[in-house]
Number of protein chains: 2
Amino acid sequence: MTKTITTNIPLAEKAYQVIREQILNNSYRAGEQILEKTLVETLAISRTPVREACVRLEKEGLIEIKPRHGIRVKPISLEDMAEIYEILTALESEAARKLATQNLKAADLKKLVTPTTAMEKALAKNDLEAWAEADEAFHLALVELSGNQRLKQVVLQFWGQAHRVRYFTLHLRDKPTGSTQDHIDLVNAIKAGNSELAASIHRNHRIEGKENLLKLLDKYRFVQL
Amino acid sequence: MTKTITTNIPLAEKAYQVIREQILNNSYRAGEQILEKTLVETLAISRTPVREACVRLEKEGLIEIKPRHGIRVKPISLEDMAEIYEILTALESEAARKLATQNLKAADLKKLVTPTTAMEKALAKNDLEAWAEADEAFHLALVELSGNQRLKQVVLQFWGQAHRVRYFTLHLRDKPTGSTQDHIDLVNAIKAGNSELAASIHRNHRIEGKENLLKLLDKYRFVQL
DNA sequence: CCGTACGTTAATGTATACATTGGTTTATTG
DNA sequence: CAATAAACCAATGTATACATTAACGTACGG
C-alpha cells in the first residue's frame, strides 16, 4: 500500500524515460555497467517493465545489453561521433533541401528565425547553455518542418546518442560564432527557394561542426565519452 | 517435455526473428491485429520474451503496440513510402559520395560490380526475383562499404519497412531497365573519384525509383499495404 | 423501444517465482 | 604449494501468477 497518486503512464514507459534521462544527463560514466537489480531497486519498478525499457534503450543505441552482466552505457568514440555527424549531415541537408522547394509560411519561417536570433543573443551574453538550447531548437525545427516524421525520429535518435558528448564539449570549444551566420544563410537560401544552396550550406555547416568537434576531442585526448 | 534440441539462442531473440520474418514475408495483412495470446501459442514461447520481441519490432517501425489490442502490423501508405525513400535517398547518396572519396580496393569495387552484372543477367532471363535480390545486394554493398555502421543499420531498418511494398509491386512494375544503367554509372563515378557526381547519380536514381513506385501504387489504387 | 449504467470478462500491465548459466571459490590431490 | 575440478552463488532468461482496465453485454429505468 505505497500507492498515493495514480499516474496513468505505464511503468515500462516511466522506467524508459527515467533511465534515458539519466544517461543523457551524464549520470552514468561512459561504459558503466549497471545491474538490473540496481535499476529495479533504484526505480522501485519490477523487472519486467525495467527489462522492456532496456530493450528500447538498446534499440535506440544508448545502451548495450550484456547477456549476463546487466546493461552497459554505450561509450561514444571519435569514430562514433564521425558516424553520427555523417548521418545528421545527410538527413538535415535533405530536410533543408526539401524546405527550400516548399513555400514556407511566415509562421514556419519564424520557427527557424527565432532560434537563430536566440543564438545571437545567447552568444552576446556568453550564455553557452542558452546557445546550445537555441541551436538544438533550430535543428529540431528544421527536421520538423520537413514533414518527414521518420527523418525527424532518426535525427532525434542520433542527436540523443551524441548528447553526452555535446554536454562535455560545450564549455571546451571556442565560441561558436560561425554557426549563427550559417543558420542565417540557410534561412535566406530557403526563403529564396534555392534548394541546392540550402543543402550545401547545411552540409558545410555540419561538416565544419564535425571537424571542430573531432579536433576538440583529439586535443583533449578524449578517446571515448 | 517437448524439448529435444537445445538451441543456444535466447527465446526473446527467436521470437523476434520469427515474427519479423513473418511480417516481411507478408504472412500478415497490413493493419492486421494480433493478440499476444496468439503469438504466445503459435510460437510456444511465454509472454515475457514475446513481449520483448514486440518492443523491439515496434522500435523498428514494423508494428504498433496497441495498449489493449495486441500488436498491429503497421500499414505502409504512399506517404510512408515517400518518407522512407527520402531517407534512403539521403543516406545512400551520402554513402556514394563517401565511397568516391576513398580509393576502393578492387575487391571492394567488385562487391558493387557483381550485383550489377547479376541484375543484367536476371533481366535478360526475365527473372524478377533474382533481379530484386541482386538490386538489394547492390544497395547493401553500397552502405556496407561506406564503413558507417549506423548508416547501414538505418538503411536496413527502412529497407525492412518498405520490404512488404516492394514484394507486392515487383511484378506490377515495368521492367526496371534504367536501374541497371544507373548502377553502372555510379560505379564509374566512384572509380573516377567524382564524389559529387556519385552522389547526384544515386540521388536521381532513388528519386526516379520513388516516383515510379508512387505512380504504380497510385495506378493500382493502393492506399496502403 | 432506446439509452444509460453497472457488472462481467478478456486482454494487457506488472510482479514474482522458477530455471539456467557463467563465474568464483573452495577443496582435494599431485 | 599449485593446479584442477566440483560445487555454490549470483545474475539473468523464462514462465506464470496476480492486478488493472477497457470493452462488451445485459438489465433496468425512462
Side-chain angles (χ1 to χ4, degrees), chain A residues 1-23 28-29 31-75, chain B residues 1-23 28-29 31-75:
Chain A
M1 292 291 267
T2 55
K3 209 187 302 179
T4 52
I5 302 169
T6 308
T7 60
N8 231 0
I9 75 169
L11 293 181
E13 175 66 23
K14 189 184 167 191
Y16 166 75
Q17 288 176 6
V18 172
I19 300 171
R20 185 171 189 278
E21 191 60 25
Q22 288 177 337
I23 294 172
Y28 301 108
R29 270 168 301 170
E32 181 168 351
Q33 296 216 359
I34 311 157
L35 295 176
E36 240 181 56
K37 201 181 172 186
T38 312
L39 293 173
V40 165
E41 287 168 359
T42 307
L43 303 174
I45 293 175
S46 75
R47 287 183 65 206
T48 310
V50 167
R51 280 178 65 89
E52 287 186 9
C54 289
V55 170
R56 288 173 68 184
L57 291 167
E58 183 179 46
K59 268 276 176 186
E60 210 169 313
L62 291 177
I63 66 169
E64 268 177 309
I65 297 178
K66 314 264 293 185
R68 301 231 157 228
H69 302 277
I71 68 173
R72 171 184 153 97
V73 179
K74 258 199 192 171
Chain B
M1 290 297 264
T2 54
K3 209 187 302 180
T4 50
I5 302 168
T6 307
T7 59
N8 231 1
I9 74 168
L11 293 182
E13 176 66 23
K14 189 184 168 193
Y16 167 75
Q17 286 176 5
V18 172
I19 299 172
R20 184 170 189 279
E21 192 61 25
Q22 288 177 336
I23 293 172
Y28 302 109
R29 270 168 301 169
E32 182 168 351
Q33 297 215 359
I34 310 157
L35 293 176
E36 239 182 57
K37 201 182 174 186
T38 312
L39 292 173
V40 165
E41 288 168 359
T42 307
L43 303 173
I45 293 175
S46 74
R47 287 182 66 205
T48 309
V50 167
R51 280 178 64 89
E52 286 185 10
C54 289
V55 170
R56 288 175 67 184
L57 291 167
E58 183 178 46
K59 268 276 178 186
E60 209 169 314
L62 291 177
I63 66 169
E64 267 177 309
I65 297 179
K66 312 264 294 185
R68 300 233 156 228
H69 302 274
I71 67 172
R72 170 186 153 99
V73 179
K74 258 201 192 170

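Below, each value reflects all heavy atoms present in this structure, side chains not excepted, and no hydrogens, waters or symmetry copies. Note that the structure is predicted; figures quoted are calculated from it, not measured.
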*Asks:* Quick one: is D:dG13 close enough that its OP1 or OP2 comes under 4.0 Å of any side-chain N or O from A:Arg51?
*Replies:* yes
*Asks:* A:Glu58 CD to D:dT12 P: how many Å, rounded?
*Replies:* 14 Å
*Asks:* What's the closest nucleotide to the side chain of B:Ala12 if the choices are D:dT14, D:dA15, C:dA15?
*Replies:* D:dT14
*Asks:* For a 4.5 angstrom cut-off between non-hydrogen side-chain atoms, does A:Leu43 reach A:Val50?
*Replies:* yes
*Asks:* Can you see which heavy atom on B:Gln17 is nearest to which on B:Ile9, and at what distance?
*Replies:* OE1-CD1, 4.3 Å
*Asks:* Taking atom C1' of D:dT12 as reference, at what distance in whole Å does atom CG of B:Leu11 sit?
*Replies:* 13 Å
*Asks:* Find which nucleotide of DNA chain C each of B:Glu36 and A:Pro49 is nearest to by heavy atoms, and output the residue with the more 5' nucleotide.
*Replies:* B:Glu36
*Asks:* In whole angstroms, how far is the P atom of C:dA15 from the CG atom of A:Leu43?
*Replies:* 11 Å
*Asks:* Which whole-number value in Å describes the distance from A:Ile45 CD1 to C:dT16 C1'?
*Replies:* 16 Å
*Asks:* Could you check how far CD of B:Glu52 sits from P of D:dG13, rounded to whole Å?
*Replies:* 8 Å
*Asks:* Rounded to whole angstrom units, what separation is found between the NZ atom of A:Lys37 and the C1' atom of D:dC9?
*Replies:* 11 Å
*Asks:* Mind calculating the distance between NE2 (B:His69) and P (D:dC24) to the nearest angstrom?
*Replies:* 8 Å
*Asks:* Looking at D:dT20, D:dA11, D:dA15, which one has an atom nearest to any side-chain atom of A:Arg68?
*Replies:* D:dA11
*Asks:* Looking at the side chain of A:Thr48, which of D:dG13, C:dT16, D:dT16 is the nearest nucleotide?
*Replies:* C:dT16
*Asks:* Report the nucleotide, chosen from D:dA11, D:dG13, C:dA15, that has the shortest atom-to-atom distance to any side-chain atom of A:Leu35.
*Replies:* D:dA11
*Asks:* Give the rounded distance in Å between these two atoms: CD1 of B:Ile71 and P of C:dG13.
*Replies:* 12 Å
*Asks:* Out of A:Glu21, A:Glu60, A:Glu52, which residue meets the side-chain contact (heavy atoms from CB on, under 4.5 Å) rule with A:Tyr16?
*Replies:* A:Glu60
*Asks:* Any chance you could measure B:Ile19, atom CD1, to B:Leu39, atom CG, to the nearest 0.5 Å?
*Replies:* 4.5 Å
*Asks:* Please round to the nearest 0.5 Å and tell me the distance separating atom CD of A:Gln33 and atom CD1 of A:Ile71.
*Replies:* 9.5 Å
